[in-house]
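Because the structure is a prediction, the values reported are computed rather than measured. When reading the values below, keep in mind they use all heavy atoms of this one structure, side chains included, and skip hydrogens, waters and symmetry mates.
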Number of protein chains: 2
Amino acid sequence: MFSKSCKYAIRAVLHLAAFTAEERKLGVQALADSLEVPKHFLGKILQELSRQGIVSSAKGPTGGFFLSDADRQAPLSRVVEAIDGPEVFSSCILGLPVCGADNPCPLHFQALEYREALQEIIEDRSIAQVVEGALEKDLKL
Amino acid sequence: MFSKSCKYAIRAVLHLAAFTAEERKLGVQALADSLEVPKHFLGKILQELSRQGIVSSAKGPTGGFFLSDADRQAPLSRVVEAIDGPEVFSSCILGLPVCGADNPCPLHFQALEYREALQEIIEDRSIAQVVEGALEKDLKL
DNA sequence: AATTTAAAAGACAAAAACATCTTTTAATCT
DNA sequence: AGATTAAAAGATGTTTTTGTCTTTTAAATT
Ligand code: FES
Ligand code: FES
């Protein structure tokens, strides 16, 4: 489903959403420690997310990454699109050139069901809402 | 979700189930042409499926690959397990070391919903049943 | 027995994904 | 201004996945 980069990206964004703000930034080192992922690799990913305006960052001492209030309003699908591209949810699970109700593959309708459950949380809810839900349920981020 | 190899494998097995039998085999060349996938790559995959007893094969002239009646009774999950390993359906969608209701990731419950839809067709039905359903709906294999 | 056919097997090559390391830039603090 | 800190940027390295090519083996046909 998601590439490793994308998994790291989603986890990083959710973590930043839960624990940072303009005045409470987090460095790559600290974030990498929390998520237990390779620091430099995560740095690359954050770089890209920052370039695309999905996360905010500041250089220098007291610098680091964080999610602004505006950043939080975006859906998680922006992260997925930024890293894995926009095709993840629209492409055929068996790799057929087109996925659709006309000319569907044998797994199409079941795959669609899967996708829709995920799309709800990825596309229809904001990052802020996802984190809120997760914190209510006491999930670790 | 599935690796490219696994996608090819699933499509190949379904095609073989629909169009071959002990007395009506199909060569890699013909199969690769039908599925529009690279011949030698497909050959490798079929080799592995054959080694694991998921598809049947015969060498020499009039040789080729086919699905025996016994082969057809297996679920598609055998193909998936043979190529991508058994973890595909049980591992966390965000790559956490364990996936479960205790310590679930923020996407866990939605991911589960997806998975279950797919597991129904992959694990609970035989290859023969999947193909039958597909042929009824006039899907291309 | 010789020839042909097609899978089995394995070596090899290219590309993508994953990961690390170093240098540069910019902000803060002294 | 100089030192320090941390992201930005980019070069480099490794591994996995994907794909191709060649040789070997075995069966069928002549
Ligand atoms: S056609 Fe395969 S998932 Fe839609
Ligand atoms: S814990 Fe992530 S999908 Fe189950």
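- Side-chain to base pairing of Gln47(B) with dA7(C): no donor and acceptor N or O lie closer than 3.5 Å to each other.
- Atom NZ of Lys25(B) is separated from atom P of dA6(C) by 12 Å (rounded to the nearest Å).
- Remark: Lys7(A) NZ to Phe2(A) CZ distance equals 9.0 Å, nearest 0.5 Å.
- Each of dT28(C), dA8(D), dT18(D) was ranked by its minimum atom distance to the side chain of Ser50(A); first place goes to dA8(D).
- For the pair Tyr8(B) and dG19(D), the criterion of a side-chain N or O lying under 4.0 Å from OP1 or OP2 is met.
- Note: NZ (Lys39(A)) to P (dT5(D)) measures 13 Å, nearest angstrom.
- When the nucleotides dG19(D), dA7(D), dT18(D) are ranked by their closest atom to the side chain of Val28(A), dA7(D) comes out on top.
- Distance, His40(B) NE2 to dT23(D) P: 12 Å, rounded to whole Å.
- Here the side chain of Ser57(B) is nearest to one of dA8(C), dA28(D), dA7(D), namely dA8(C).
- When rounded to the nearest whole Å, the span between CD1 of Ile83(B) and C1' of dT16(D) equals 15 Å.
- The two residues Leu118(A) and Phe89(A) make their nearest non-hydrogen contact at CB-CE2, 4.1 Å.
- Atom NZ of Lys59(B) and atom C1' of dA26(D) are 5 Å apart (whole Å).
- Between the CZ atom of Phe2(B) and the C1' atom of dT18(D) there is a distance of 18 Å, given to the nearest Å.
- Here the side chain of Lys4(A) is nearest to one of dT5(C), dT20(C), dA19(C), namely dA19(C).
- Relative to the side chain of Ser5(A), the nucleotides dA8(D), dC18(C), dA7(C) differ in distance, and dC18(C) lies closest.
- You'll find the side chain of His108(A) reaches within 4.5 Å of the side chain of Cys99(A), heavy atoms only.
- If you take CZ of Phe41(A) and C1' of dA16(C), they are 11 Å apart, rounded to a whole angstrom.
- Counting only distance, with no hydrogens or angles, the side chain of Asp33(B) and the backbone of Ala30(B) share no donor-acceptor pair below 3.5 Å.
- At distances below 3.5 Å, not a single donor-acceptor pair connects side-chain atoms of Glu113(B) with backbone N or O atoms of Gln110(B).
- Between the P atom of dA9(C) and the NZ atom of Lys44(B) lies a distance of 9 Å, rounded to the nearest Å.
- Where Pro38(A) and Gly63(B) meet DNA chain C, the nucleotide closest to each residue was compared, and Gly63(B) sits on the side nearer the 5' end.
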